[in-house]
Each structure stands twice: as C-alpha cells, then as structure tokens.
Undergrad: 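Dropping a structure here in structure tokens format, bear with me for questions.
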Amino acid sequence: MKAKRLPSRRTSSGQNAGFCVEMVKRGLGWGIVPEIGLAGFDGCVRPCLFENGEPFVRKTYLMCQKEVLALPQVNAFVELLKKYR
C-alpha cells in the first residue's frame, strides 16, 4: 500500500502523545496519536485511513527481560493480553 505524503511547511516531533495532544489543544496544528492518547481530548478526531478506505493500524509489542516473565503478576498480565489478542 502506498501512502500519500502530506505537504507541510513545519514539523515537530515529540517523545510522547501527550505533547502532541497539548499542541493540538492549543491550536498549534494537527497530530497523529494512538487511541490511548485521546483521553481527555474533546476536539475533532478522525481515524487514519488509506486512500482505499483501509484503516491505518500499527502493531504494538510487549517487551521485558526473560527473567521477569517468571513473576506471577507479569505472567498473569501476559496471559490477559494473549486472551484479547
């Protein structure tokens, strides 16, 4: 799938979605953030779609040290994630 490039005169890159949301709240442009970053935002929200209508999605990964998987609370969380995959 080929994505279209959007023209832009200025860009900014933040390290977290909260930074981007705050910029948009203050009228400083637009942003693309994961759904979790929309909590508390009451402005215009539209899903990102490709030209053919297919939704833009991204994969999210869980990462940890192997030893941590032996902890019961971490193991329970991993199993919960697997259940809702």
Side-chain angles (χ1 to χ4, degrees):
M1 168 79 23
K2 183 178 179 185
K4 281 190 168 185
R5 292 191 148 236
L6 299 174
S8 176
R9 290 177 274 185
R10 295 185 181 168
T11 62
S12 177
S13 176
Q15 293 299 316
N16 63 49
F19 172 80
C20 186
V21 171
E22 284 303 315
M23 297 276 292
V24 174
K25 280 182 178 179
R26 293 173 183 356
L28 299 172
W30 56 273
I32 298 175
V33 297
E35 188 173 7
I36 195 168
L38 298 174
F41 181 72
D42 61 355
C44 179
V45 175
R46 300 279 190 272
C48 294
L49 305 173
F50 288 106
E51 196 171 76
N52 68 356
E54 181 184 343
F56 173 78
V57 294
R58 69 179 195 179
K59 293 183 179 187
T60 303
Y61 298 88
L62 171 67
M63 54 187 247
C64 65
Q65 299 295 327
K66 288 181 184 179
E67 303 81 37
V68 176
L69 289 174
L71 297 172
Q73 64 272 33
V74 174
N75 195 339
F77 180 67
V78 170
E79 292 304 314
L80 181 71
L81 291 176
K82 287 179 182 177
K83 181 179 176 182
Y84 291 99
R85 182 181 347 182

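None of these values were measured; they are calculated from a predicted model. As a basis for the values below, the full set of heavy atoms in this structure was taken, side chains included, without hydrogen atoms, waters or symmetry mates.
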Undergrad: Report the residues that fulfil side-chain contact (heavy atoms from CB on, under 4.5 Å) with Val21, sequence neighbours left out, ordered by chain and then residue number.
TA: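 Here the qualifying residues are Lys25, Val33, Phe41.
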Undergrad: Is it the case that over 12 heavy atoms from other parts of the model lie below 6.0 angstrom from the CD atom of Gln73?
TA: yes
Undergrad: Under 4.5 Å between side-chain heavy atoms, chaining through other members, with only Ile, Leu, Val, Met, Phe, Trp and Tyr counted: pull out the rest of the cluster around Leu62, sorted by chain and number.
TA: Val68, Leu69, Leu71, Val74, Phe77, Val78, Leu81
Undergrad: Rest of the hydrophobic cluster containing Tyr61 (Ile/Leu/Val/Met/Phe/Trp/Tyr, side-chain heavy atoms under 4.5 Å)?
TA: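 Grouped by the 4.5 Å side-chain rule, Tyr61 forms a cluster of one, so the answer is none.
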Undergrad: For residues 26-36, which residue pairs qualify under salt bridge (charged side-chain N to carboxylate O under 4.0 Å, His left out), counting only residues two or more places apart or in two chains?
TA: Glu22-Arg26
Undergrad: Starting from Leu49 and following side-chain heavy-atom contacts under 4.5 Å between hydrophobic residues (I, L, V, M, F, W, Y), which residues can be reached?
TA: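 Once heavy-atom contacts under 4.5 Å are chained together, Leu49 still belongs with nothing else.
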Undergrad: What closest approach, in Å, do Gly31 and Cys20 show between heavy atoms, and which atom pair accounts for it?
TA: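 For Gly31 versus Cys20, the nearest heavy atoms are CA-SG, 3.5 Å.
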Undergrad: Which residue pairs pass the salt bridge (charged side-chain N to carboxylate O under 4.0 Å, His left out) test with at least one member in residues 55-80, sequence neighbours excluded?
TA: Glu79-Lys82
Undergrad: Using the side-chain contact (heavy atoms from CB on, under 4.5 Å) criterion, which residues pair with Cys48? Sequence neighbours excluded.
TA: Ile32, Phe56
